[in-house]
Amino acid sequence: MILEDYLERNARLYPQKTAVVCGEKVCTYEALYEQVLARTEVLKDQYPVGQIVCLRAYPTIDYLVEYFALHRAGCVAAPLERDMPEMTFQKIARRLGAHSTPEGTADILYTTGTTGQSKGVMISHRTIIADAENLIDGQGFTHELAFVVNGPLNHIGSLSKIYPVIMLGATLIIVDGMKDLNRFFAAFDYPAEKMATFLVPASIRMLIQFSSEQLAKMADKMDFIETGAAAIAQADMEKLCELLPKTRLYNTYASTETGIIATYNYNNGKCVAGCLGRPMKHSRLLITEGGLIACQGDTLMSGYVGDPERTATILRDHTVYTSDIGIVDEEGQLHLKGREDDVINVGGFKVAPTEVEDAAMAYPMLKDCICIATEHPITGRALKLLVVMNDGETLNKRQLALHLKERLEPYKVPMLYEQVEKVARTFNGKLNRKHYKR
């Protein structure tokens with residue numbers, strides 16, 4: 001079965017059950033499936049089976065209809081950024097049109113932007129089902145759940161939450177980003193006993209800083225919150241546990257290339273930063289001799305479209321070799337220690353910038369930060385911490401350095417500090433380290 005087979009089944013079993021809510025628009029499973037069937041007939045006349053079709057990932061019901069209908073028509077969906085310039089959109093469409101994909105390919109998802117070194121990752125229908133079952137088994141998705149999606153629907157973080165919702169006949173609530181917090185919180189007025197959402201760490205920090213009281217009021221209704229895409233600070237984890245004591249709070253290891261691999265409920269009384277739990281139902285992982293994480297199982301990508309050479313650099317013998325540094329503890333739980341590409345070598349010592357940033361984020365007056373490498377006239381290379389302070393606060397370099405000395409080994413404490421208005425982040429909240437390596 002592919003995901004759309006479950007949609008058909010749910011339309012038959014739960015025709016009047018709400019499938020999707022998007023603003024004022026509400027669509028039942030019966031209505032959603034009828035729209036998908038109608039659109040499928042149009043697409044069958046328009047495209048041959050196996051055709052790669054680009055579409056803009058708008059946060060709408062119409063987008064979901066198009067996405068499901070492309071699969072039903074035997075096409076490969078290539079969701080792209082909704083605000084992408086038309087010239088870029090057409091360029092990618094032409095490039096993809098020159099390639100074919102393996103049988104069973106469902107999607108092509110782009111991992112980083114749409115220019116330069118962006119990679120089109122081929123995802124199979126089998127992978128979609130395996131990801132869905134991993135999430136259902138690992139996080140307890142149910143038929144009664146209403147799940148709020150607020151991120152871009154062309155990337156694995158948010159797109160993957162559609163899979164278990166549709167498979168189980170649950171309800172999806174689409175919110176257009178986090179710019180309007182009132183709209184985000186209004187989504188949780190939906191009459192469901194249990195609700196859940198996916199939030200990147202930057203969004204979690206924003207909610208903690210500006211809407212902690214509203215967040216706390218949802219303690220009884222919020223079944224679980226998943227985070228991923230970037231490391232979440234220990235201080236934010238602890239605060240979220242305090243605000244939502246009954247809520248399961250998951251930190252998940254996943255990527256477009258690997259699929260959904262492992263998850264950890266840090267609201268378990270231990271709240272271990274960097275812990276990502278045990279491999280899920282359809283996944284396995286191992287640590288290479290070089291200390292990097294490698295993944296196996298049904299959730300892996302099929303490869304990079306039109307680029308077998310690049311595919312071979314990370315996908316070999318049914319194993320995806322990542323650039324993530326990790327360890328597996330005695331309980332079989334994965335702990336992420338940073339990325340190989342991000343490690344900074346200072347005076348012969350290797351420093352994971354995420355460790356410095358995590359320690360800095362516990363400083364009460366700090367809003368955001370990034371640790372980078374910079375040239376130094378004496379040491380040659382030094383750590384520099386760029387910080388965004390809370391409104392009305394000014395950086396006291398000495399106080400912040402003392403704060404870090406209490407939490408880090410001496411060689412990990414930055415030598416230089418600078419207050420900035422903001423730090424560069426990607427569209428999904430990750431620190432944009434490449435911006436500072438120019």
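No hydrogens, no waters, no symmetry mates; every other heavy atom, side chains included, goes into these values.
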Exercise. Between atom CG of L383 and atom CD1 of I344, what is the distance when rounded to the nearest 0.5 Å?
Worked result: 5.5 Å

Exercise. Do D223 and L145 come within less than 4.5 Å of each other through their side chains, counting heavy atoms only?
Worked result: yes

Exercise. Between D176 and R82, is there a salt bridge with N-O shorter than 4.0 Å?
Worked result: yes

Exercise. What is the minimum heavy-atom distance between I232 and I204, and which atoms define it?
Worked result: CD1-CD1, 3.9 Å

For this session: Give a yes-or-no answer on whether the side chains of Q139 and T263 include a donor-acceptor pair shorter than 3.5 Å.
Result: yes

Exercise. Can you name the nearest heavy-atom pair linking I61 to C22, along with the distance?
Worked result: CG1-CB, 4.0 Å

For this session: Would you kindly say whether E257 and Y304 are connected by a side-chain donor-acceptor distance under 3.5 Å?
Result: yes

Exercise. Is T322 reaching over with its side chain to a backbone N or O of I293, donor-acceptor style, under 3.5 angstrom?
Worked result: yes

Exercise. Should the pair E418-K397 be classified as a salt bridge under the 4.0 Å nitrogen-to-oxygen rule?
Worked result: no

For this session: Locate the shortest heavy-atom distance separating T247 from I225; write the atom from each residue and the value.
Result: CG2-N, 4.1 Å

Exercise. Does the pair T313 and Y321 meet the rule for a side chain to side chain contact (heavy atoms under 4.5 Å, CB included), with working shown?
Worked result: CA-CA 8 Å; T313 64; Y321 293 86; over 6 Å; no

Problem set entry | Validation row: L249, F224 side chains within 4.5 angstrom (heavy atoms) | no

Problem set entry | Non-hydrogen atoms of I92 and L80 that approach each other most closely | CG2-CD1, 4.0 Å

Exercise. Do H155 and E81 come within less than 4.5 Å of each other through their side chains, counting heavy atoms only?
Worked result: yes

Problem set entry | Side-chain donor or acceptor of H282 paired with backbone N/O of G297 under 3.5 Å | no

Problem set entry | Lys/Arg-Asp/Glu bridge criterion (N-O < 4.0 Å) met for R56, E86 | yes

Exercise. What are the two closest heavy atoms between I108 and I52, and how far apart are they?
Worked result: CD1-CD1, 3.6 Å

Exercise. Out of curiosity, I260 CD1 to M280 CE, how far, rounded to the nearest 0.5 Å?
Worked result: 7.0 Å

For this session: Test side chain to side chain contact (heavy atoms under 4.5 Å, CB included) on I287 and I327 and set out the steps.
Result: CA-CA 7 Å; I287 306 299; I327 62 170; 5.6 Å; no

For this session: Check side chain to side chain donor-acceptor pair (under 3.5 Å) between D107 and all other residues, then give those that pass, not counting sequence neighbours.
Result: Y67, H71

Problem set entry | Whether over 12 other heavy atoms sit under 6.0 Å from N345 CG | yes

Problem set entry | Flag, side chain of R248 to backbone of N267, donor-acceptor distance under 3.5 Å | no

Problem set entry | Nearest-0.5 Å distance that lies between atom CD in E103 and atom OG in S302 | 11.5 Å

Problem set entry | Whether T127 side chain and D298 backbone form a donor-acceptor pair below 3.5 Å | yes

Exercise. Between L181 and L207, is any pair of side-chain heavy atoms under 4.5 Å apart?
Worked result: yes

Exercise. Less than 4.0 Å between a side-chain N and a carboxylate O, is that true for R425 and D368?
Worked result: yes

Exercise. How many angstroms lie between SG in C241 and CG in N268, if you round to the nearest 0.5 Å?
Worked result: 8.0 Å

Problem set entry | Residues N150 and S158: side-chain donor-acceptor under 3.5 angstrom | no

Problem set entry | Under 3.5 Å: donor-acceptor pair, side chain of Y63, backbone of L55 | no

Exercise. Does a salt bridge link E357 with R433, judged by any charged N lying under 4.0 Å from a carboxylate O?
Worked result: yes

Problem set entry | Backbone of Q209 reached by a side-chain donor or acceptor of S212 within 3.5 Å | no

Problem set entry | Aromatic centroids of Y264 and Y253 separated by under 6.0 Å | no

Exercise. Judged by atom type as modelled, is there a donor-acceptor pair below 3.5 Å linking the side chain of D329 to the main-chain atoms of G332?
Worked result: yes

Seminar exercise, completed: Rounded to the nearest 0.5 Å, the CG atom of L300 sits from the CE atom of M122 at a distance of 13.0 Å

Exercise. About how many Å separate NZ of K217 and CE of M222, when rounded to the nearest 0.5 Å?
Worked result: 14.0 Å

Exercise. Using the benzene-type ring in the case of Trp, are the ring centres of Y250 and Y266 under 6.0 Å apart?
Worked result: no

Exercise. Taking it one step at a time, do K119 and D307 satisfy salt bridge (charged side-chain N to carboxylate O under 4.0 Å, His left out)?
Worked result: CA-CA 9 Å; K119 296 162 286 189; D307 199 341; over 6 Å; no

Exercise. If we only count heavy atoms from C-beta on, is the P414 to K384 side-chain gap below 4.5 Å?
Worked result: no

Exercise. Taking it one step at a time, do V20 and L64 satisfy side chain to side chain contact (heavy atoms under 4.5 Å, CB included)?
Worked result: CA-CA 9 Å; V20 189; L64 294 181; 3.8 Å; yes

Exercise. Around atom CZ of R183, are there more than 12 heavy atoms of other residues, nucleotides or ligands at under 6.0 Å?
Worked result: no

Exercise. Between H335 and G326, is there a donor-acceptor pair closer than 3.5 Å when you use the side chain of the first and the backbone of the second?
Worked result: no

Without placing hydrogens or testing angles, list every side-chain donor-acceptor pair under 3.5 Å for residues 190-200, not counting sequence neighbours.
unit_1 : atom_1 : unit_2 : atom_2 : d
T197   : OG1    : V148   : O      : 2.7

Exercise. Does any N or O in the side chain of S124 come within less than 3.5 Å of the main-chain N or O of T105, such that one atom is a donor and the other an acceptor?
Worked result: no

For this session: Give a yes or no on whether the backbone of P364 and the side-chain of N390 come within a donor-acceptor separation of less than 3.5 Å.
Result: yes

Problem set entry | Within-4.5 Å side-chain heavy-atom neighbours: I156 and D131 | yes

For this session: Quick one: closest heavy-atom pair of C295 and T258, and the distance?
Result: SG-CG2, 3.9 Å

Exercise. Are K367 and M389 close enough that some pair of their side-chain heavy atoms sits under 4.5 Å apart?
Worked result: no

Problem set entry | Side-chain touch I372/L386, heavy atoms, less than 4.5 angstrom | yes

Problem set entry | side chain to side chain contact (heavy atoms under 4.5 Å, CB included) between V387 and L400, intermediate numbers included | CA-CA 10 Å; V387 302; L400 180 54; 3.9 Å; yes

